[in-house]
Every structure is written in structure tokens, then in C-alpha cells.
Amino acid sequence: MEETNKAEEKSLNFIEEIIEEDLKSGKHQSVLTRFPPEPNGYLHIGHAKSICLNFGLAIKYGGSTNLRFDDTNPVTEDTEYVDSIKDDVRWLGFNWKNELYASDYFEQLFGFAQELIKKGLAYVDDSSSEEIAKEKGSPTQPGTRNRFADRSLEENLQLFDEMRAGKYRDGEKVLRAKIDMASPNMHLRDPLLYRIKHAHHHRTGDKWCIYPMYDFAHGQSDALENITHSICTLEFIPHRPLYDWCIEKLALFPSHQYEFARLNLTYTVMSKRKLLQLVNEKYVHGWDDPRMPTITGMRRRGYTSDSIRQFCERIGVAKRDNLIDVSLLEFCVREHLNKIAQRRMVVFDPVKLVLTNYPADQVEMVSSENNPEDPAGGHREIPFTRELYIERDDFMENAPKKYFRLTPGAKVRLKSAYIVECTGAIKDENGIITEIHCEYLPQSKSGADTSGLKPQGTLHWVSCKHAVDSEVRIYDRLFKVEDVGNAEGDFKDHINTDSLHVISKAYAEPALAESTADASYQFIRKGYFCIDKESTAEKMVFNRTVTLKDTWAKDKKK
RNA sequence: UGGCCUGUAGUAUAAUGGUAGUACAACUGGUUUUGGUCCAGUUUGUCGAGGUUCGAAUCCUUGCAGGCCAACCA
């Protein structure tokens, strides 16, 4: 009865407050947002925050969201990125209303520029970029306007036409807005509107050799689409006066820009430039390397879109710089995977366990639940035999006080099978343990246990005869320092060179042979895993998504 | 040394002049056939200084700290 109240208790972020006011005041009847990536790289978890914000707002207020590619710089952009971006947004679970491109508006943008020229608000400048930079002044020093600013409207119009017609080389001329060379806001000191680039564009081909700058494309694109709330990151705050200036001078739909703080995550980088460097310089094996904070990398690593959306929900939206602890992300993925992951047993670092009182040729099928969190998840059968593999570190000859795994004289439960008691271990000439000997307690079988014993430890195991060889890839953080962005020196100095461990021969229980590409697994006591795209029928390959929370490991460190 | 933005537990984020709350992290304990999950609990906070007010995280003054801005990038 009270459920509606409960749902409404969650407080609004500052953008939701603005939207609710706008809706209430009648400024807008509905909400139209946009997600405006530049197709020059792959999307990362920081973009996911923006995607969840833009699409989430539209969903919450019954509006919609356009996907608009900000493709005004043909030199760095490519359809490869367009495709990956669309794929990532869809995978995250969002549907856009229209798929649009800033390049769709090139003709209109050109017209807008002519309009400004006619109003005496723009001029063609022949200066070099060095001269322009010099005349711009500095934040504390006003700039000076050069002699080209006084050209006649006719001359400006003609030169601008000639720029478009290809009469000039790259860099020979630019179109500039005429605003205020003394403004304390550097972006208002006659900003560049158009530059010449004789470059092939991934959509418009060779039709254009002049391209609008971000500031002359973004706001107008928003306005042409009737975007009500144009949401971007903090570094665009100083651009807002220019955004508003263009809309005002051209008398367009009054889209408004709002800025929020971008996501920063511990132990990783979030800049496309740096990520591109990691890829190009082979620190990782591509954009979808599971160590990358890219959407595609996280997806390959086994993160679910649910968990990423949940993460974006929990980090909140505000205007202060932030550095989110990656453990929150890990918490979100564990939370989801715990509910959906099928439990399996896999031994990574095997040592043989022999049950000396168990018949040599006997194969007994034991039943184990697929997911204790999901009663409907069913059970599977696992072969149990005299010779098993267990983890080497689940046995210690001289165990400390609180160690409750195997040690001579101790009893442990073999998961879903029997309680066993350790009777000794065999070593080779180097003192390495080659075999652990135990006796099993026949009356202690799982589900039919009449032993009355309650050993503290439970171990995972795999029958030697039935073990399936597989490869397991263990990932660690990509960087050694929490705040990579603010760490001293080059960011590459802080790369963790030990972020990938390949276990080429792990032993998996037979049920894993039927793994499917999109399934999530929990290898009991090991962590959450998924099938890698390089996995084959002959050699299965698993990625570790995230470890289980391990309070024992933490205790040991102390 | 110009302009703009931001300061609430370790990290984020609420409280919109009226009991500083929530999540993650950390730490205790309980349950457990995963040292997982689950449950119960503990620790930790309003950048500083003045002022307004019965009452300030919130308003005012001032100081301090951090971030952003001078690409023919977005």
C-alpha cells in the first residue's frame, strides 16, 4: 500500500531538479536529451555514466534520447568507432530515438555561418595559427583583434565561399566569430568557427574541405533537434557562453547546456587519448582487452550491463571532481553475478588427493546445486572418484591456528560429497608434496549425512579422471597507483606490468564443457568467470571477472 | 597573477534555515556444505575564521584548498 512512497524517497540529483522545474513551469513539455560521442575511440565506463544519465533521464521523464555522432573532425574519426559505439550503447540496454550525425547538418551549419557574416558577427582570417594564438592574449592579458577583422561583408562572404570551394590550402584561412578579444573567457576571444581540412570524411566523403569546430556544431545541432537538456562534462562550462551566443545570434531553439563531473575510477585511466596509447603501444591486447575500462573490455571480462547500470546509479551525479573507488564497481558486479552465476568447481593449482579407503574403480555421481541463491536453478551431477584434484594451498603440513582446510589429522568437507580426514602426504625428493592421503567417511555423504560432524572447511575438487583441461586468465588492476591522473610523471610509468596471469592448465568439472558464450559462472571459492571469445571446443578459455570477497586473504596479510 | 566551477566520514552522495542520513570501504560478531551470500553491530564527517538567526552544512563577509580555461581537438 505504501510502496509508492518508498520509491519516491530517493532524492533527486541537480539535473533532475532542473528538469522537474522546467516541466512544472511549462518551459518544456517533454524531455529530449542526446548522447553525443565523437567516433574517434571506444566508449569507456566514463561514457557509461553519461549514457545512463542521458538515457536514464529521458526514460524517467517519459522523453527520449538521440544518439548523435559529433563527427566534425574527419582526421581522427572512423566508422569502426561508429559501429562499436552503437553496439556498446545497445548492449548497455538503451534505445535511441534517432541516429544522427553532426555531419548531417553541414549544409545548414554553412548557412548559419553565412548568416553570421551577414550580421557582421564573423570574418575570414588569413592569419597563421601562431599569429592567432599570439593575438589571443592570455587569461590575464587581453587579446588584440587583427587587421582581417575589418573585411567587408561581401569580401567575407566571397572568401568563405572560396574556402568551401577548395581554393585554399589547409590552414590558409579560418572563419572566426567576432565577439570580444578582451573577454576574460578565452573562448569568447573571436573563436574559430571553421577550418580548412582537405580530408576524407567517413560519411560525407570528399564533399567538404571545410569543417565546423565543436563550438559551432554542437549547440546548433542540439537546437536543430530541439534538445531540451544538453548534458556534458565540467570542462565545457567555459564554452557555455559561446553555446548560448550562437543560439541567440541565430535565433534557434533555446537548448540549454548543463554540466556534471565526469567519472574517475581508481587504478585506471579514463581518457581516450591514453587508452589509445595503451592499445597502440601494446600494453594491452586491443580495445576489448579485459583489463581495459572500455565497455567492450568490461563486457569481455564478464561484467553485466545490469551491474554497470547499477554502478552508474550508485555513484550519483554532481559537480565536484571525484575519484570513485573501483571496489564499488566490483561490489556491483558481484551483487548481480551472485544472483545469476552458475556455480562450478575448477582447480587452478592442482595437487592429487587420494581417498585410500575408496574403491579404485568406483565412479559415484554426486548432486550439487547450480546456484544456492536461486532455488529454481536446479542441480547438476558431478563424478566423484578415489583420486581427486584439490588446490595445493588447501593443504598445509603445519597449519596456523585459524586455518580450517586440510592438515594432517583434520577433517574437511569435499563440497557436495563426503567429509574426509587427512592421514598424511607423500613428497618427492625435493620435498614437494605429490599426493595427499585421506580417508573418506561413508556415512557423511551430502544430503544423507548421519555422521553428526561439522567440519569448518569445505573444499572444491575435481575428479582426476574426469577433469577437463582449460585455460584461465586472471586479471589484476592495470595501474599500480590509485589516482593515475594525478600521479607524478608519465601515466605509463605506473602501469602494472603484472596485470595478466594465464593459468594454462586448470582442471574443470565436466559440466563446464557445455559452457555458453554469454553465461556467467562462479568457480566456487575462486571468483566469477566467463567464457572468453578466444575459447574453443578443444581448449576452453575463461576470464576472471572479479574475485569473491576474501576475508581470509585479508586476515592473512595482517 | 584574470575569469569560471567545486569543497559534507577513507571514497562517493543526501539533507533545499529545524535530529547530519545512505551506499561502498574498514572493523566486530552471528549464520553457513563456498573463509562467498545473508544477518546484526562498530568506527569515521559539514575546509577555516567571523557574522545573521531561537536555530546554519544550508544565508552573508572573508580567507584557504582543489579543478577548469590561452588546440585550425571534442
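What you see below is based on every heavy atom in this structure, not just the backbone, and it leaves out hydrogens, waters and symmetry mates. Residue numbering restarts at 1 for every chain, and letters A, B, ... go by the order of the sequence lines.
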Aromatic ring pairing Phe523(A)/Phe529(A), orientation class (parallel under 30°, perpendicular over 60°, tilted between):
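Answer is parallel, since the angle falls under 30°.
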Taking the inter-plane angle between the rings of Phe479(A) and Phe491(A) on a 0 to 90° scale, is it parallel (under 30°), tilted (30 to 60°) or perpendicular (over 60°)?
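Because their plane-to-plane angle lies in the 30° to 60° range, the rings of Phe479(A) and Phe491(A) count as tilted.
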Does [N] have OP1 or OP2 under 4.0 Å away from a side-chain N or O of [X]?
X         : N       : answer
Lys554(A) : rC27(B) : yes
Thr551(A) : rG36(B) : yes
Arg320(A) : rU8(B)  : yes
Lys197(A) : rC72(B) : no
Arg525(A) : rG35(B) : yes
Ser368(A) : rU33(B) : no
Lys445(A) : rU33(B) : no
Arg195(A) : rA74(B) : yes

Rounded to whole angstroms, how far apart are [atom1] on [X] and [atom2] on [N]?
X         : N       : atom1 : atom2 : result
Leu263(A) : rU13(B) : CG    : C1'   : 14 Å
Asn322(A) : rA25(B) : CG    : P     : 18 Å
Phe523(A) : rG35(B) : CZ    : C1'   : 20 Å
Lys339(A) : rG36(B) : NZ    : C1'   : 14 Å
Ile179(A) : rC69(B) : CD1   : P     : 19 Å
Asn185(A) : rC69(B) : CG    : P     : 12 Å
Glu482(A) : rG10(B) : CD    : C1'   : 9 Å

Go ahead and name the base partner of [N]; Watson-Crick or wobble counts if both distances stay under 3.5 Å, otherwise write none.
N       : result
rA71(B) : none
rG17(B) : none
rA26(B) : rU42(B)

With sugar-phosphate meaning primed atoms plus P, OP1 and OP2, does [X] contact a base, only sugar-phosphate, or nothing at under 4.0 Å between heavy atoms?
X         : answer
Phe69(A)  : nothing
Arg405(A) : base
Phe236(A) : base
Pro455(A) : nothing
Ser138(A) : base
Val317(A) : sugar-phosphate
Phe404(A) : base
Glu373(A) : base

Name the closest nucleotide to the [X] side chain, picking from [options].
X         : options                   : result
Ser129(A) : rC4(B), rA14(B), rC72(B)  : rC72(B)
Gln522(A) : rC68(B), rA70(B), rU34(B) : rU34(B)
Met213(A) : rG36(B), rA12(B), rC73(B) : rC73(B)
Arg413(A) : rU33(B), rA14(B), rC73(B) : rU33(B)

Flag as yes if Trp552(A) stacks onto the base of rG35(B) (centroids under 5.5 Å, planes under 30°), otherwise no.
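The ring of Trp552(A) is stacked on rG35(B).
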Under 6.0 Å between the ring centres of His201(A) and Phe106(A)?
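Centroid separation for His201(A) and Phe106(A): below 6.0 Å.
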Identify the residue among Leu459(A), Ile390(A), Thr458(A) that makes a side-chain contact (heavy atoms from CB on, under 4.5 Å) with Arg405(A).
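Exactly one candidate clears the test, Leu459(A).
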For a quick check, tell me whether the side chain of Arg334(A) and the base of rU37(B) share a donor-acceptor pair closer than 3.5 Å.
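Per atom types, no contact qualifies.
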Go through the N and O atoms of the side chain of His187(A) and the base of rA71(B), and report whether any donor-acceptor pair is under 3.5 Å.
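There is none.
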Under-4.0 Å salt bridge between Arg343(A) and Glu369(A):
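No, this pair does not count.
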May I ask you to say whether Arg380(A) pairs ionically with Glu509(A), meaning some side-chain N is under 4.0 Å from a carboxylate O?
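A salt bridge links Arg380(A) with Glu509(A).
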Side chains of His239(A) and Asp215(A): is there a donor and an acceptor less than 3.5 Å apart?
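Yes, side-chain donor-acceptor contact under 3.5 Å.
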